[in-house]
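Accompanying notes for the structure given below.
Hydrogens, waters and symmetry mates play no part in the numbers below; they use all other heavy atoms, side chains included. Note that the coordinates shown come from a computational prediction; the quantities given were computed from them, not determined experimentally.
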Amino acid sequence: MSSLYHFFRRHRRKFVWGGAAVGGLLIAARVMERQMIKAREEEAKDALERARKRNHYEATECTCKSTITHLYTELKARILEAFDSSKLQEALRSGPSEI
């Protein structure tokens with residue numbers, strides 16, 4: 001027993017510094033793990049936000065396209081109604097004397 005006591009007494013500085021080094025590594029590993037978890041959560045949050053914005057943009061784009069298509073057909077019908085060119089076309093087909 002006394003030889004074990006003398007062994008620890010002779011090498012106590014090595015044990016203290018070794019314990020401090022191992023403890024420091026454990027603390028550093030825990031801090032690094034927390035930082036990695038925080039970074040993953042932030043990345044997932046950003047990806048979700050990007051997906052939400054992309055979905056909103058695509059929905060708005062689809063609505064815009066359908067509205068423009070509908071308005072185009074309405075506008076075309078109104079223009080054809082306002083500027084009825086069928087009489088002018090008939091006059092041109094029949095001959096220049098009736099104009």
Side-chain angles (χ1 to χ4, degrees):
M1 189 74 160
S2 89
S3 64
L4 188 61
Y5 173 75
H6 288 297
F7 176 77
F8 281 115
R9 187 152 170 83
R10 277 182 292 163
H11 299 289
R12 71 176 161 211
R13 287 189 183 138
K14 292 176 187 173
F15 286 122
V16 168
W17 285 107
V22 169
L25 288 174
L26 289 175
I27 291 172
R30 286 184 183 172
V31 169
M32 184 184 287
E33 184 179 2
R34 287 182 188 152
Q35 292 295 327
M36 293 293 289
I37 290 171
K38 185 178 176 183
R40 271 190 237 125
E41 288 174 355
E42 189 70 27
E43 185 176 335
K45 182 179 158 186
D46 289 344
L48 184 64
E49 184 68 21
R50 282 192 309 270
R52 188 183 66 77
K53 285 182 180 180
R54 182 176 50 241
N55 186 24
H56 176 72
Y57 173 76
E58 289 173 356
T60 304
E61 183 181 24
C62 182
T63 303
C64 182
K65 284 180 181 180
S66 65
T67 304
I68 287 175
T69 304
H70 178 68
L71 287 176
Y72 173 73
T73 57
E74 289 288 323
L75 182 63
K76 182 179 176 184
R78 295 284 173 103
I79 288 173
L80 290 175
E81 183 181 305
F83 300 108
D84 188 22
S85 63
S86 62
K87 294 177 188 175
L88 184 58
Q89 288 176 352
E90 286 297 322
L92 287 174
R93 284 187 185 132
S94 64
S97 62
E98 294 181 17
I99 299 176

Mind checking the [atom1]-[atom2] spacing from [X] to [Y]? Nearest 0.5 Å is all I need.
| X | Y | atom1 | atom2 | value |
| --- | --- | --- | --- | --- |
| Glu41 | Lys38 | CD | NZ | 9.5 Å |
| Glu49 | Asp46 | CD | CG | 8.0 Å |
| Ile68 | Thr73 | CD1 | OG1 | 12.0 Å |
| Phe8 | Ser3 | CZ | OG | 10.5 Å |
| Leu80 | Ser86 | CG | OG | 10.0 Å |
| Ile79 | Glu81 | CD1 | CD | 11.0 Å |

- Message: Tell me if the CZ atom of Arg9 is crowded by more than 12 foreign heavy atoms within 6.0 Å.
- Response: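 No, not enclosed.
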- Can you tell me if CD on Glu61 sees more than 12 non-hydrogen neighbours from other groups inside 6.0 Å?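 Check passes, neighbour count above 12.
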- Arg78: salt bridge (Lys or Arg N to Asp or Glu O under 4.0 Å) partners, not counting sequence neighbours: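 So Arg78 forms no salt bridge (Lys or Arg N to Asp or Glu O under 4.0 Å) with any residue.
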Solution key, residues 11-31 side-chain donor-acceptor pairs under 3.5 Å, sequence neighbours excluded:
residue : atom : partner : partner atom : Å
His11   : ND1  : Lys14   : NZ           : 3.3

- Query: Got a sec, which residues hit side-chain contact (heavy atoms from CB on, under 4.5 Å) with Glu33, two or more places apart in sequence or on another chain?
  - Reply: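 Result, side-chain contact (heavy atoms from CB on, under 4.5 Å) vs Glu33: Ile37.
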